[in-house]
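Quick notes on the structure that follows.
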Amino acid sequence: MSPHSISTSTGISQATLYGWREHGVSVNPRAVCPRCAPSPTLPEPQASYAYLLGLYLGDGCINRASTKEKNVWKLGIICADAWPGLRQECAEAMRDVRPQNKVRTRRLAGCSEVISCSRHWPCLFPQHGPGRKHLRKIELVQWQDIIVRRYPGEFARGLFHSDGWRGVNRVRRTLADGDHWYEYSRYQFSNKSADILRLCGEALDRLGVVWRFSRRDVISVARRGAVARLDEFVGPKY
């Protein structure tokens, strides 16, 4: 077939076809995906992926960023402007996982969306699907479970950085000599998805962190030893 015929049938420009004929076909590094390779591997670095997975399950969303023909997807994670360090960590994790793709920030009211576009975000986050996460089943596939078991602390950090909180709880107790106030540090993770709550609880179990449900959709970590243990991996937002 002539270059013109190939171009007409495939949509590839004739200039590109002539370049391939003269210089060979080069592999675009942006097209490389560990999950799409003939022999799939785990995303690297795995610790950054575990953290980014936690952020995605909490406050992330994947939407189409181009036509169906180009098949480019946008991963966006919402970060409150009150925590610039969290926003920076999110951007660094995106760059670590997809180093060939640009990361940018879009300002919104009171928050920012950290954005990276790639054809392969749905490959790396197979939980992507139509509708809100709490209205559909959320499960880790086998290779994701391997990473989360290896790095439960980073995964928990991503979850608590997205939908979590560390602060001081004040409790009033009425005694014979009057009211007394007690303060103690605690963590809370809030999410409407029972599946995501379960994944958070499993990660805490692997870390040896005692937790309970304070409400149907809220996980609480309040015991002093448990808070100290979780501080080793999460800590306050900043």
Problem set entry | Salt-bridge present (D195, R136; N to O < 4.0 Å) |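 No salt bridge links D195 with R136.
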Problem set entry | Note: E89-R157 ion pair, threshold 4.0 Å (strictly below) |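 Yes, charged N to carboxylate O under 4.0 Å.
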Problem set entry | Audit row: E113, R104, salt bridge (Lys or Arg N to Asp or Glu O under 4.0 Å) steps and yes/no | CA-CA 8 Å; E113 184 182 20; R104 62 184 177 90; over 6 Å; no
Under a 4.5 Å cut-off applied to non-hydrogen side-chain atoms, are [X] and [Y] in contact?
| X | Y | answer |
| --- | --- | --- |
| I219 | Q188 | no |
| L197 | F189 | yes |
| N169 | S185 | no |
| V114 | R87 | yes |
| Q127 | K137 | no |
| L207 | F233 | yes |

Problem set entry | Enclosure of R166 CZ (heavy-atom neighbours >12, cutoff 6.0 Å) |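 Atom CZ in R166 is crowded, with more than 12 foreign heavy atoms closer than 6.0 Å.
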For this session: Apply the test ring pair (Phe, Tyr, Trp, His ring centres under 6.0 Å) to residues W73 and H120: give CA-CA distance (whole Å), side-chain angles for both, the deciding distance (0.1 Å), then the verdict.
Result: CA-CA 7 Å; W73 298 86; H120 300 288; over 10 Å; no
Exercise. Taking the six-membered ring for Trp, is the centroid-to-centroid distance between H161 and W83 below 6.0 Å?
Worked result: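 Aromatic pair excluded; centres sit 6.0 Å or further apart.
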Exercise. Centroid-to-centroid, W143 to Y49, below 6.0 Å?
Worked result: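 They qualify: ring centres under 6.0 Å apart.
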Problem set entry | Minimum heavy-atom distance L55-G158, with the two atoms named |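 Smallest interatomic distance, heavy atoms only, reads CD2-O, 3.4 Å.
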Exercise. Which heavy atom in Y51 sits nearest to a heavy atom in A93, and how many Å separate them?
Worked result: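 The answer is CD2-CB, 3.8 Å.
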Exercise. Yes or no on side-chain hydrogen bond (donor to acceptor under 3.5 Å, both in side chains) for W165 and D163, after CA distance, side-chain angles and deciding distance?
Worked result: CA-CA 7 Å; W165 169 85; D163 279 342; over 6 Å; no
Problem set entry | Cluster check V168, V221: I/L/V/M/F/W/Y, side chain < 4.5 angstrom |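 As far as the 4.5 Å side-chain criterion goes, V221 and V168 are not connected within one cluster.
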Residue pair [X] / [Y], side-chain donor-acceptor N/O under 3.5 Å:
| X | Y | result |
| --- | --- | --- |
| S112 | D81 | yes |
| Q142 | Q144 | no |
| D96 | S48 | yes |

Problem set entry | Plane angle bin for F160 and Y187 - parallel if under 30°, tilted between 30 and 60°, otherwise perpendicular |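 Correct class here is perpendicular.
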Exercise. Under the 3.5 angstrom rule, does the side chain of K237 hit a backbone N or O of G164 as a donor-acceptor pair?
Worked result: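 Checked: pair present.
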